[in-house]
Structure formats: C-alpha cells, structure tokens
Amino acid sequence: MAKTVYGNTRGIKKNDLALLQSIYSYTVDKNNIISMEIARLLAAISWDCQRELVVFVDRGGHVVSVGAGDFATAPLQARDRRRGEFRLSGLRCIHTHPSGSGALSPVDYAALLDMRLDLMVALGVRDGKIKEAYMACLDPQDGVLTRAFQTFGPMSEQEMSGFPILPLIQEIETGITPPSSIQTGEHRHAERAILVTIESNESLDELAQLADTAGALTVARVVQQRNRPDTTYFIGRGKVEELALLRQRLAADLVIFDDELTPTQARNLQNAIGCRVIDRTALILDIFAQRAQTKEGKLQVELAQLRYLLPRLTGLGVVLSRLGGGIGTRGPGETKLETDRRHIRRRIDDLTRALEQVRRHRRQHRQNRREAAIPVIALVGYTNAGKSTLLNALTGAGVLTANRLFATLDPTTRLLQLPDNREVLLTDTVGFIRKLPHHLVAAFRATLEEVTEADLLLHVVDADHDRLQEQIAAVNSVLKDLGAHDKKTILVFNKTDRPVDSVLLEEVEFSCPHRVVRVSARTGAGLEYLRKLIAEYTHQPRRILRGKLPYDRTDLVALLHREGAVYQEHYTEDGIWVEAAVDESLRTAIAPFIKPH
Ligand SMILES: Nc1nc2c(ncn2[C@@H]2O[C@H](COP(=O)(O)OP(=O)(O)OP(=O)(O)O)[C@@H](O)[C@H]2O)c(=O)[nH]1
Ligand SMILES: [Mg+2]
C-alpha cells in the first residue's frame, strides 16, 4: 500500500509529514475507534500546522488513508458505495478540528452519509492536545439510510478510547434492511423485559404494570433482597452474572430496575448484561412521553427527560445505538431523544423559557379567576385512584378515564355546582406514584401550581387497593415537595362499590387528620355528601386581601396558608407582602395587622 499522505500537504513540516506517514504502520484494536498513539500524534501535528488531518481506518483496524485537508482525500473504497445496498462502507473516518471544537460540522455529517461511513469522529484540538471528541453514525429509519444520525459526545480522550464500536456498527447494519421485512406498527414485537428489585416481589407488581403500560412484556422478575444497593452494580456481582445468563436464555431486550440507578451503575450493568438497562424513572418518563397530548404536557415531559438524560449520556449513548430506540429512548410523540450534549443543553434552555411563558399565562388565568373569587378545588391522588372518573361524575365532564397508570397528564378544570347553588372550580391533574421522578415534579411545576394554589384538595384514594396506606404516604410526600401538605384537605375513599377492607379503612380514617368520605365515582354513592362537604369547606364567600404583614407575625402568614389561599408572598424591606383569598372570619383575624402598602 502506498504510504502517501494525501491532500494539500504544502506547508507541513518535513518532520511532521514523516510522522504522519508513520501512522500507516499502526494497527488499531478492532473494537476501538482509534489508538491513543494515533489520536495524540494527529492532535500534535494538526495543532502544529493548523490544518485538519484525516485518517480512515477499516474494520480490520488497518489505517487505509492519511491525509490533510478535507474529505476529498478519502480512499476509493469509501467513495465506492456498491459494497452492498444494505451495508456500510466498512471505513471509519477520524479527523481533527484544530479550532478546538470537536463538534461535528454539517460537512462532516454530509460526508458520513455520502460515503456510508461506519463512523465519523472529530477530535477538537487545543494546545496540541485532544480537548474533546465527538462521534456520529448513521441511524437507519425504517430500514433506510437518511439524514438521521446518532451523535455521541463530547467525550474525553478516555471515554473515546473505551467506546466499544463493533456492537454499534452491527446494529446499524442490521437496521438497514430490505423494506419487505420492515416491522411496523402493531407488528413490532413487544420488548421483552426483566424486572429487578432489591425490595420484594410485591413491589414489582407496580413496576410490571408500568412496564405493561409502556408496551413491554415482562418475561422474568428478579428479587435480591439487600439493605443497601451496591455502588458499582446496584445488585451483587454474582446476581449480575445470573442476570446476564437469564437475559440470554429468555432473549430479553431490556432490564428494568425498580429504583433510580446512578449513571455509573447503569453503564456498568449495561456492559455486564449486554442489553439496554433502564430504571423506574426512565420508564415513567417514557410513559409520560407517550401520553403527553397538549403542547404544555409535551414540553414538560421533554424537559424532564433531557434533564434526566444529560448526566447519563455516555452510557446511554451506547444503549441507544445498540437497540436503536425502544423504551427509555422515546421522546414525546415517538420522536427519538437527542443524544448530543450541546444540543440538549440548548434545548433545555429553550424548553425552560417556553415553560416560563406557559407558567405566566396560567398565572394570569388564575389571577382572573381570583378576582372573580371562585374557590378552586384540586383533585390529587395516586395514579389510577379514580380522580378523572370522580371529576366526570361530579361535573359531567368527558375526561378520559382508563384502567391504566397515568391516563391523565394535562389538567382539566370544570365548574362544579354545589347544593347551595354556588359554583366552584374542580381541577383534575396528573396522578402521583411512589418514587415519582424528581425531574418530573420539577418539570411539571406549571401544571402542579394548580394544586399548590387551590383552596381545597380532594385527596382521592383507591379504597380497594391493598397498598393504599403506602399510596397515601406517597401522595403526601409529593404534596410536601410541592409545599401543599398543610392545605385544607378532604380524604376521599373511592371505589367503595367494591368489597373493600373495612377494618383497614377505619384504621386509616382514625389516624387521618382530615375529614374522610367514602364514595363510589362509578355508582354515585356518597357524592351528594361530598358535594355538601365541599360546600361547607368553601362556604364563606372569599375576598382578596392584599398588603404587608410585619416580620414578627409569620404565624399569621402560616394561618393564611392554612385557612386561605395565598397567591403571592414576597419578602420586602418592611414586611411580608401577601395576596390571598380569605373568608370573612379570616379577614377579621388578619386585617388589624396588615398594612396596605
Ligand atoms: N369499581 C370502581 N372503579 C372505578 C371507580 N372510579 C374509577 N374507577 C376505575 O378506576 C380506573 C382508573 O380511573 P381514572 O379515573 O382514570 O383514574 P385517575 O385517578 O384519573 O388515574 P390517572 O389519570 O392515571 O392518574 C378506571 O378503570 C375507572 O373505571 C369506582 O368508584 N369504582
Ligand atoms: Mg386521570
């Protein structure tokens, strides 16, 4: 093979040229992108001559071409696309960006597609050293190569050198299939999932339900009881090996852990088990991504997903590529999640801004309602407790209800007629769940503010659930996160048309600090009484109170929170500015202490 350095080599020092030529004598480990020696040499020379340098490597790990300048120096092999319609060229391209940025340019992406390269890698060089690396590969869509790419990066030198590329390349090639064999729509087989927990088998019931909702088929459950998770693998090392064998035997596509894994644990597990590994959080986020209907819902889910993804990117990048998508990798509306860090950061900023807009809009909306002084009641509760069914039963609204988790994601508000002919607003919202992902709560703030600013909460409980106490506790803990735990609340036992465990219900009633009612949204039993109770709770007409309270009367601020609905609270130089809806008795109690400005 000719040891020529291709392209425009004018101006490159003799010594550097000789070093570039020597690159032909290196071999690269088949499963690595490039050897560190070559990468460092390229970086040093590229910085020296301030020129882009390009190396092509074949799948055997042989350096087939070294050049300076653009990809016009690419070997014939890479230009000949007739290696087979369903194959790639078998070459990867590694080149330098002496500008310092490793981000791939539109020209890089175009060359990747044009030459059907296995991979396109760019090394950002600064001061003669590799600052960061980016890698992209093709991402066949429905069996066809298009302008869809998967991007990985920024990676450090170490991350790049440890990146196993063969599975990735294989995956791309199996993704390029003749159209006749493309599996689409309903024919796409359900992903086969193994569920893992360090709690108990029962705790996996809910995870199995979640997996089912996401479209996965549970093929096995694995329980390893332990007090605290292993830092490297979450479960014990021996169990990981068992899991790897089990996965092979059952041909599972996916392993789902019932707890949030650290990015390192997820990566280690994935490498050891050899398939996609996701955690409960990713699963819930995936379901939300499928369910979100409104623009607001979609923005919120995407934000939560991206914030979750960002610190996990290196590991997940591999996962995404190996399986070409699936549960845990889907974005709202079946789009694929972005895997490029820089894009993600930019998108997070955009989403945050867009949601701030939504929030302002909602706030304005609430402000208008407030001026009209109509009390707002929010339905809260565990997912599937029957909140939407109750909203429908009470107001005749046609909200979707379904026996599945997270049927509702977007809040619906309806007028509710009370027995004394007054009207209040009833808001249905997203259900809560144990271990609700923190990112989700944060991202859904715009939606959940309906709850924090409500005058009264109806905490709906599925009275027929064997773990209802845990569910109540989970809901209370989310309410606490939202700062809405000391709101006026009525606990509503729903589904009492079913044969419920009365002793258990009485136990809960006994220890519950709130009024408790038993109803059936399905048959209507107890609803009249619930309406009366709501009327009683929102009995007195409310008016808006605005002004400043002195700093030594934070007890009055607490009282306002407990008994009224606080809409604004600012700490100013000479007092606490509040704006709240209060009834007459509360007004009488507070008014003497409040200064109008
Ligand atoms: N037997 C019985 N079933 C009920 C009752 N209320 C609701 N359900 C059923 O419980 C399931 C869940 O109801 P939804 O109203 O969708 O529950 P949700 O709380 O809105 O759930 P998410 O929106 O998923 O959080 C549905 O299958 C309902 O038909 C009831 O009073 N009795
Ligand atoms: Mg609902």
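Indexing begins at 1, ligand by ligand and atom by atom, following the structure's order.
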Under 4.0 Å from one or more heavy atoms of Arg498, ligand 1 contributes atoms 1 (N), 3 (N)
Give the numbers and elements of all ligand 1 atoms closer than 4.0 Å to a heavy atom of Asp497.
1 (N), 2 (C), 30 (C), 31 (O), 32 (N)
Looking only at atom types and distance, does a side-chain atom of Arg330 sit under 3.5 Å from a main-chain N or O of Gln290, one as donor and one as acceptor?
no
Side chains of Asn268 and Thr232: donor-acceptor distance under 3.5 Å anywhere?
no
Nearest-contact summary for atom 5 (C) of ligand 1 - protein heavy atom, Å
Lys495 CG, 3.5 Å
Hey, is there an N, O or S on Thr389 sitting under 2.8 Å from the Mg ion (ligand 2)?
no
Judged by atom type as modelled, is there a donor-acceptor pair below 3.5 Å linking the side chain of Gln265 to the main-chain atoms of Asp230?
yes
Atom indices of ligand 1, in the order listed, that fall short of 4.0 Å to a heavy atom of Ala521:
6 (N), 31 (O)
Close side-chain approach of Phe493 to Glu509, heavy-atom, < 4.5 Å:
yes
Would Gly386 count as being in polar contact with ligand 1, using the rule that some N or O on each side must be under 3.5 angstrom apart?
yes
With a cut-off of 4.0 Å, which atoms of ligand 1 are near a heavy atom of Gly431?
25 (O)
Among all protein heavy atoms, pick out the one at the shortest distance from atom 16 (O) of ligand 1; state its residue, atom name and that distance to 0.1 Å.
Ala402 N, 3.0 Å
Going by side chain to side chain contact (heavy atoms under 4.5 Å, CB included), Leu207 matches just one of Arg280, Glu199, Arg221. Which one?
Arg280
If I apply the N/O under 3.5 Å rule, does Ala385 come out as touching ligand 1?
yes
Using a 4.0 Å heavy-atom cut-off, which part of Asn384 comes near ligand 1: side chain, backbone, both, or neither?
both
Under the salt bridge (Lys or Arg N to Asp or Glu O under 4.0 Å) criterion, do Arg362 and Glu453 qualify, and how do the steps go?
CA-CA 11 Å; Arg362 278 189 173 278; Glu453 295 200 356; over 6 Å; no
Would you check whether Thr496 has a nitrogen or oxygen atom less than 3.5 angstrom from a nitrogen or oxygen atom of ligand 1?
no
Measure the distance from atom 13 (O) of ligand 1 to every protein heavy atom, then report the residue, atom name and distance (to 0.1 Å) of the closest one.
Thr389 OG1, 3.4 Å
Using a 3.5 Å distance criterion without hydrogens, assess whether the side chain of Lys239 forms a donor-acceptor pair with backbone atoms of Gln224.
no
May I ask you to check whether Lys387 has an N/O atom sitting below 3.5 Å from an N/O atom of ligand 1?
yes
Distance from atom 29 (O) of ligand 1 to nearest protein heavy atom, with residue and atom:
Arg522 NH2, 2.8 Å
Take Asp253 and Arg192 through the test salt bridge (Lys or Arg N to Asp or Glu O under 4.0 Å) and record every step on the way to the result.
CA-CA 5 Å; Asp253 307 284; Arg192 297 165 61 82; 5.4 Å; no
Salt bridge (Lys or Arg N to Asp or Glu O under 4.0 Å) with Glu260: which of Arg434, Lys435, Arg312?
Arg312
Run the numbers for me: atoms of ligand 1, each under 4.0 Å from some heavy atom of Ser520, listed by number.
31 (O)
Please step through side-chain contact (heavy atoms from CB on, under 4.5 Å) for the pair Asp462 and Tyr382, ending with a clear verdict.
CA-CA 8 Å; Asp462 177 352; Tyr382 211 78; over 6 Å; no
What residue and heavy atom of the protein are closest to atom 24 (O) of ligand 1, and at what distance?
Ala407 N, 2.7 Å
heavy-atom search around atom 6 (N) of ligand 1 in the protein gives Asn494 ND2, 3.1 Å
Test item: Arg543 side-chain N/O and Arg587 main-chain N/O as donor-acceptor pair under 3.5 Å:
no
